[in-house]
Amino acid sequence: MVHQESLSSPYIPGLLSFRGAPALLHAFEKVRHDPDVVFIDGHGLSHPRSAGIACHIGLCLNKPTIGCAKSLLIGRHRVPGPSRGSYTSLYDANNHVIGAVVRTRDRVKPVFVSVGHRIGLAQAVQLTLACGKGYRIPEPTRQADRWAEQSKREAIGIK
DNA sequence: GCGACAG
DNA sequence: ATCTTGTCGC
């Protein structure tokens, strides 16, 4: 299942929800099954106002969500070990843990995992690792990206 | 004031 | 996000 929608709002760091959440929620209206947890391509708690798009979507859907971003938005952290499975904590300015830096592939740039809604950080990290083996991005997000990219081209014209 | 800044 | 060259490992 794919959902296509043109976005108008611009992308502004810290305000990703304003740009993508509406379309994301519209897409979920088409989903017929009831997932136990949802991976969001972006941060959750590890956000300037502790309210990234993963928290936003989780609240709207009243469903567990995991924020799994490909790059850092805020916070400090130690570089996790080089092997898959190792991870370190992400801290805010007050040394509070706001997420985890997880190595999902050996020697590959880690992903930034944080709580979205109705889930703990430890479980979010475990699920992130459990949902992938050979790729940096967890399978749910990876597949979603592939479907979206393919759908987008067909809509524009197979060039 | 300067640098950083999810997708 | 999108574009894009050469390089590397299974």
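Throughout, protein chains are lettered first and strands after them, A, B, ... in sequence-line order, and every chain is numbered starting at 1.
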Represent DNA chain B in dot-bracket notation, 5' to 3'. Only Watson-Crick or G-U wobble pairs with both distances under 3.5 Å count; pseudoknot-style crossings use [ ] and interstrand partners use |.
.......
Classify [X] by what it touches in the nucleic acid, base, sugar-phosphate, or nothing, heavy-atom distance under 4.0 Å.
X: A:Gly52; answer: base
X: A:Leu15; answer: base
X: A:Gly14; answer: base
X: A:Ile53; answer: base

Does the distance from a Lys or Arg side-chain N to an Asp or Glu carboxylate O, for [X] and [Y], drop under 4.0 Å?
X: A:Arg76; Y: A:Asp92; value: no
X: A:Lys152; Y: A:Glu149; value: no
X: A:Asp36; Y: A:Lys63; value: no

Which heavy-atom pair separates [X] from [Y] by the least distance, and what is that distance?
X: A:Val38; Y: A:Phe28; result: CG1-CZ, 3.6 Å
X: A:Ala100; Y: A:Leu90; result: N-CB, 4.1 Å
X: A:Ile53; Y: A:Ala21; result: CD1-N, 4.0 Å

Mark yes when over 12 heavy atoms from residues, nucleotides or ligands other than A:Lys30 sit less than 6.0 Å from its NZ; otherwise mark no.
yes
Rounded to whole Å, please give me the gap between [atom1] in [X] and [atom2] in [N].
X: A:Asp106; N: C:dC8; atom1: CG; atom2: P; answer: 18 Å
X: A:Lys152; N: C:dC3; atom1: NZ; atom2: P; answer: 8 Å
X: A:Arg107; N: C:dT7; atom1: CZ; atom2: C1'; answer: 16 Å

With no hydrogens and no angle check, just 3.5 Å: does a side-chain donor-acceptor pair link A:His56 and A:Ser17?
yes
Range on DNA chain B touched by chain A, heavy atoms, distance below 4.0 Å:
B:dC5 to B:dG7
Hey, what's the ring geometry for A:His26 with A:His3, parallel, tilted or perpendicular (30° and 60° as the breaks)?
perpendicular
Within 45 degrees of the axis of the six-membered ring of A:Tyr11 and under 6.0 Å from its centre: does A:Arg19 put its NZ or CZ there?
no
Between which residue ranges does DNA chain C form stems of three or more consecutive Watson-Crick or G-U wobble pairs, both distances under 3.5 Å?
none
Interatomic distance, A:Thr128 atom OG1 to A:Leu121 atom CG [nearest 0.5 angstrom]
9.0 Å
